[in-house]
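Here the structure is laid out as structure tokens; the discussion comes afterwards.
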Amino acid sequence: MNIYQQMRARVLAALEEMTAEGVLPAGLPFDAITAEPPRDASHGDIATNAAMVLAKPAGKNPREIAALLAQKLAKVEDVSSAEVAGPGFINLKVEDAVWQGLVREILRLG
């Protein structure tokens, strides 16, 4: 599993928490949610479209969902910050130790 898949799993876990808390309705489709490099590297390490994807089926404003999701993601291990951008994207910065660990693993694997 790569860093983007790992972070997508953490985004989905946070969304499940939000569903359990009643912030989001049950049964929302998570298939189209991504965690990938942002178009502009100055925006962070990983971007997610989760709030944009879920806004219409949830009947909520995407920035509202993004703000609540960003609060949860900022508390996730290995995330140094989570910021809402534009209409509801979330840009994540990952702790330096995560990248250093990946380099060590790449070197170990040759």
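The figures here come from the full heavy-atom set of this structure, side chains too, leaving out hydrogens, waters and symmetry mates.
Applying the under-4.5 Å side-chain rule to Ile, Leu, Val, Met, Phe, Trp and Tyr, the cluster around L107 extends to V103. In the hydrophobic clustering, where aliphatic and aromatic side chains (Ile, Leu, Val, Met, Phe, Trp, Tyr) are joined below 4.5 Å either directly or transitively, V84 stands alone.
Between N61 and I65, the closest side-chain pair of non-hydrogen atoms is not below 4.5 Å. No side-chain heavy atom of H43 sits less than 4.5 Å from a side-chain heavy atom of F89. Under the 4.5 Å side-chain criterion, counting only non-hydrogen atoms from C-beta, L54 is in contact with L15. Side-chain contact between I33 and L12: present, with at least one pair of heavy atoms (C-beta onward) separated by less than 4.5 Å. Between D78 and R10 there is a side-chain heavy-atom pair separated by less than 4.5 Å. Side-chain atoms of M18 and L68, non-hydrogen and from C-beta on, do get closer than 4.5 Å to each other.
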Under the side-chain contact (heavy atoms from CB on, under 4.5 Å) criterion, do Q6 and N2 qualify, and how do the steps go?
CA-CA 6 Å; Q6 290 172 355; N2 69 38; over 6 Å; no
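Smallest separation of non-hydrogen atoms from P38 and G44: CG-O, 3.3 Å. Minimum interatomic distance between T34 and T48 (heavy atoms only, all atoms of both residues): O-OG1, 2.7 Å. Closest non-hydrogen pair, L73 versus A82, comes out as CB-CB, 4.1 Å. What you find for V11 and A50 is that their closest heavy atoms are CG1-CB, 3.9 Å. Here the closest non-hydrogen pair linking M7 and L92 is CG-CD1, 3.6 Å. Heavy-atom minimum distance, A58 versus L24: CB-CD2, 4.3 Å.
Here S80 contributes atom OG and E95 contributes atom CD; the two are 5.0 Å apart, rounded to the nearest 0.5 Å. Atom CD1 in I90 sits 11.5 Å away from atom OG in S81 (nearest 0.5 Å).
The main-chain N or O of A32 is found under 3.5 Å from a side-chain atom of N49 such that the two form a donor-acceptor pair. Looking at R8, its side chain never comes within 3.5 Å of a backbone N or O of I3 through a donor-acceptor pair.
Electrostatic pairing of E16 and K72 does not count as a salt bridge here, judged by no charged N lying under 4.0 Å from a carboxylate O.
Heavy-atom contacts from other residues, nucleotides or ligands closer than 6.0 Å to CD of E77 number 12 or fewer.
Connection of M52 to Y4 is not established within any shared hydrophobic cluster, with ILVMFWY side chains joined at heavy-atom distances below 4.5 Å, either directly or through further cluster members.
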